[in-house]
> 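After the structure tokens below, expect a handful of questions from me.
Note that these values count all heavy atoms, side chains included, but never hydrogens, waters or copies made by symmetry.
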Amino acid sequence: MNIILFDKNVRQFNASDERYEHLKKVLHAEVGTSFRGGEINSFSGECTITAVSKEKIEFDFLPAKLDSTLYPLTVLLAQVRPICMKRILRELVSLGVERLILTRSDLGEKSYVESSLYTTDEYKTIMINGAMQAGHTGVSDAIFASSVEDALKEISLDTTCLLLDNVVGSQKFNQLSLTDKKVCIAIGPERGWSDRERKCLLERDFIPVLMGNRILRTETASVAATALALEHMNYI
């Protein structure tokens with residue numbers, strides 16, 4: 001953890017919390033120990049431990065700077081296996097994506113959305129872990145959609161939209177000019193977008209983009225496409 005995040009006005013971690021474990025076992029926390037912390041989507045600063053017990057760790061927080069900036073990039077992502085989605089969520093938040101739109105897809109397994117990853121809000125913890133890895137307080141918004149059509153309602157008309165697809169993809173990232181633009185990239189499930197979904201995305205003026213001629217796993221494509229988009233947006 002390169003920063004330890006917590007909700008606004010929270011000033012303690014219970015023993016069941018992984019942040020408690022990190023402070024105790026990694027930082028060997030005791031009263032007076034300081035660590036870098038921050039309120040989610042707000043200020044970062046210095047935390048100082050004021051009490052330690054078997055039940056909890058209490059601390060004070062001195063905010064120093066607003067540290068929640070995310071990049072104006074949206075990733076429209078078809079639902080994939082929860083074990084893969086955990087890695088995707090953590091990495092995309094770590095990269096600084098502003099919004100994630102998670103949608104059902106025609107060819108994706110419908111039961112994925114019923115996973116405990118979502119019903120127990122585990123995905124929120126994973127996304128916070130991504131921000132803590134990045135050392136910033138900003139955590140991406142997560143939006144859930146029942147279909148591609150539903151997902152498109154969440155994308156403003158002034159956004160430059162890219163469809164990552166091996167079937168209709170034609171342009172390469174090095175042919176795109178994305179500086180000073182809001183961008184959305186659409187990444188399909190393991191079996192890809194259906195023809196119906198491709199038609200829907202293309203009618204919404206998504207630009208078909210290709211990342212070479214290899215078929216990538218969704219989790220690989222997500223990280224690679226995000227990094228390429230951010231590079232061409234001149235952020236990395």
Side-chain angles (χ1 to χ4, degrees), residues 69-80 84-85 88-89 91-110 112-113 123 127 130 138-236:
T69 301
L70 296 167
Y71 303 125
L73 175 62
T74 296
V75 177
L76 193 170
L77 182 65
Q79 287 280 5
V80 294
C84 297
M85 186 60 81
I88 293 171
L89 292 175
E91 298 307 323
L92 295 194
V93 173
S94 181
L95 283 165
V97 169
E98 186 174 60
R99 295 196 311 159
L100 299 169
I101 305 176
L102 309 180
T103 184
R104 292 176 183 258
S105 61
D106 290 348
L107 302 180
E109 173 58 51
K110 301 301 185 285
Y112 290 158
V113 298
Y123 76 96
M127 293 175 70
V139 178
S140 316
D141 286 336
I143 300 167
F144 295 88
S146 60
S147 65
V148 166
E149 291 89 339
D150 189 33
L152 293 178
K153 297 175 184 176
E154 302 293 337
I155 303 169
S156 62
L157 295 176
D158 61 342
T159 302
T160 299
C161 299
L162 310 178
L163 169 59
L164 275 293
D165 190 83
N166 285 77
V167 176
V168 298
S170 54
Q171 292 196 53
K172 295 182 179 180
F173 267 93
N174 61 11
Q175 298 173 315
L176 301 171
S177 176
L178 302 177
T179 304
D180 298 326
K181 294 180 179 179
K182 293 194 298 183
V183 176
C184 173
I185 53 179
I187 301 170
E190 291 100 332
R191 296 173 61 195
W193 298 112
S194 69
D195 289 339
R196 187 195 67 80
E197 289 169 329
R198 288 189 186 95
K199 183 174 183 292
C200 183
L201 291 162
L202 292 172
E203 287 178 346
R204 176 58 173 76
D205 294 326
F206 272 71
I207 302 167
V209 177
L210 192 64
M211 292 194 300
N213 58 6
R214 296 180 181 272
I215 300 173
L216 304 177
R217 292 170 61 90
T218 302
E219 58 191 290
T220 304
S222 299
V223 174
T226 296
L228 284 169
L230 290 174
E231 178 187 14
H232 284 77
M233 294 167 75
N234 204 30
Y235 288 116
I236 62 174

> Check whether any side-chain heavy atom of Leu100 lies under 4.5 Å from a side-chain heavy atom of Met127, and answer yes or no.
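They are in contact (side-chain heavy atoms under 4.5 Å apart), so the answer is yes.
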> Return the minimal non-hydrogen interatomic distance between Lys182 and Ser156, and the atom names on each side.
NZ-OG, 3.0 Å
> Between Ile143, Leu89, Ile88, Val113, which is the residue that forms a side chain to side chain contact (heavy atoms under 4.5 Å, CB included) with Leu102?
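It is Leu89, the one option of Ile143, Leu89, Ile88, Val113 that forms the side chain to side chain contact (heavy atoms under 4.5 Å, CB included) with Leu102.
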> List the steps, then state whether side chain to side chain contact (heavy atoms under 4.5 Å, CB included) holds for Leu178 with Thr160.
CA-CA 8 Å; Leu178 302 177; Thr160 299; 3.9 Å; yes
> Would you check if the side chain of Thr103 reaches a backbone N or O of Ser146 as a donor-acceptor pair within less than 3.5 Å?
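It does not hold such a pair.
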> Take atom CZ of Arg196 as the centre, draw a 6.0 Å sphere, and report whether it contains more than 12 heavy atoms from other residues, nucleotides or ligands.
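More than 12 heavy atoms, drawn from other residues, nucleotides or ligands, come within 6.0 Å of this atom.
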> When rounded to the nearest 0.5 angstrom, what is the spacing between CD in Glu91 and OG in Ser222?
10.5 Å
> Using a cut-off of 6.0 Å, state whether more than 12 heavy atoms not belonging to Asn174 lie near its atom CG.
yes
> Can you check whether Arg214's main-chain N or O pairs, donor with acceptor, with Asn166's side chain at less than 3.5 Å?
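Yes, because the side chain of Asn166 sits within donor-acceptor range (under 3.5 Å) of the backbone of Arg214.
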> First locate atom CG of Leu228, then atom CG of Leu164, and finally report the distance between them rounded to the nearest 0.5 Å.
8.5 Å
> Name the one of Ile207, Thr226, Leu76 that satisfies side chain to side chain contact (heavy atoms under 4.5 Å, CB included) with Ile185?
Thr226
> Going by heavy atoms in the side chains, are Pro72 and Tyr235 under 4.5 Å from each other?
yes
> For Leu95, run the side chain to side chain contact (heavy atoms under 4.5 Å, CB included) check against Val223, Ile236, Val75 and tell me which one passes.
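Testing each of Val223, Ile236, Val75 against Leu95, the sole residue satisfying side chain to side chain contact (heavy atoms under 4.5 Å, CB included) is Val223.
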> Quick check: does any side chain N or O of Gln175 sit under 3.5 Å from a backbone N or O of Lys172, one acting as donor and the other as acceptor?
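Confirmed, Gln175 side chain pairs with Lys172 backbone.
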> Taking all non-hydrogen atoms of both residues, which atom of Tyr71 and which atom of Glu98 are closest, and how far apart?
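Nearest heavy atoms, Tyr71 then Glu98: O-CB, 2.9 Å.
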> Can you find a pair of side-chain heavy atoms, one from Phe206 and one from Cys184, that are under 4.5 Å apart?
yes
> Hey, what's the ring geometry for His232 with Phe173, parallel, tilted or perpendicular (30° and 60° as the breaks)?
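If you compare the ring of His232 with that of Phe173, the planes turn out tilted.
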> Using a 4.5 Å cut-off on heavy atoms from C-beta on, say whether the side chain of Phe144 contacts that of Gln79.
yes
> Please report the shortest heavy-atom distance between Ser140 and Val93, naming the atom on each side.
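Closest approach of Ser140 to Val93, heavy atoms only: OG-CG2, 3.5 Å.
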> Closest approach of Arg104 and Lys110, non-hydrogen atoms and distance?
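Arg104 and Lys110 have their closest heavy atoms at NH1-O, 3.6 Å.
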> Please round to the nearest 0.5 Å and tell me the distance separating atom OH of Tyr112 and atom SG of Cys84.
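Here the rounded value is 8.0 Å.
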> Hey, could you give me the CG/OG1 distance between Leu77 and Thr218, rounded to the nearest 0.5 Å?
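Atom-to-atom, Leu77:CG and Thr218:OG1 are 7.0 Å apart.
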> Nearest heavy-atom pair of Arg198 and Val167: which atoms, and what distance?
NH2-CG2, 3.1 Å
> Rounded to the nearest 0.5 Å, what's the gap from NZ on Lys153 to OG on Ser147? Could you check?
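Separation between the atoms: 7.0 Å.
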> Let me know which of Val148, Ile155, Leu152 forms a side chain to side chain contact (heavy atoms under 4.5 Å, CB included) with Ile101.
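So the option named by the test is Ile155.
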> Quick one: are Leu163 and Trp193 in side-chain contact, heavy atoms under 4.5 Å?
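They are in contact (side-chain heavy atoms under 4.5 Å apart), so the answer is yes.
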> Got more than 12 heavy atoms from elsewhere within 6.0 Å of CG, Asp158?
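Check passes, neighbour count above 12.
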> Once rounded to the nearest 0.5 Å, what's the spacing between atom CG of Leu162 and atom CD of Gln171?
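Between atom CG of Leu162 and atom CD of Gln171 there are 9.0 Å.
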> I would like to know whether Val80 and Arg217 meet side chain to side chain contact (heavy atoms under 4.5 Å, CB included); could you show each step before the answer?
CA-CA 10 Å; Val80 294; Arg217 292 170 61 90; over 6 Å; no
> Give me the atom names and distance for the closest heavy-atom approach of Asp150 to Ala145.
OD2-CA, 3.4 Å
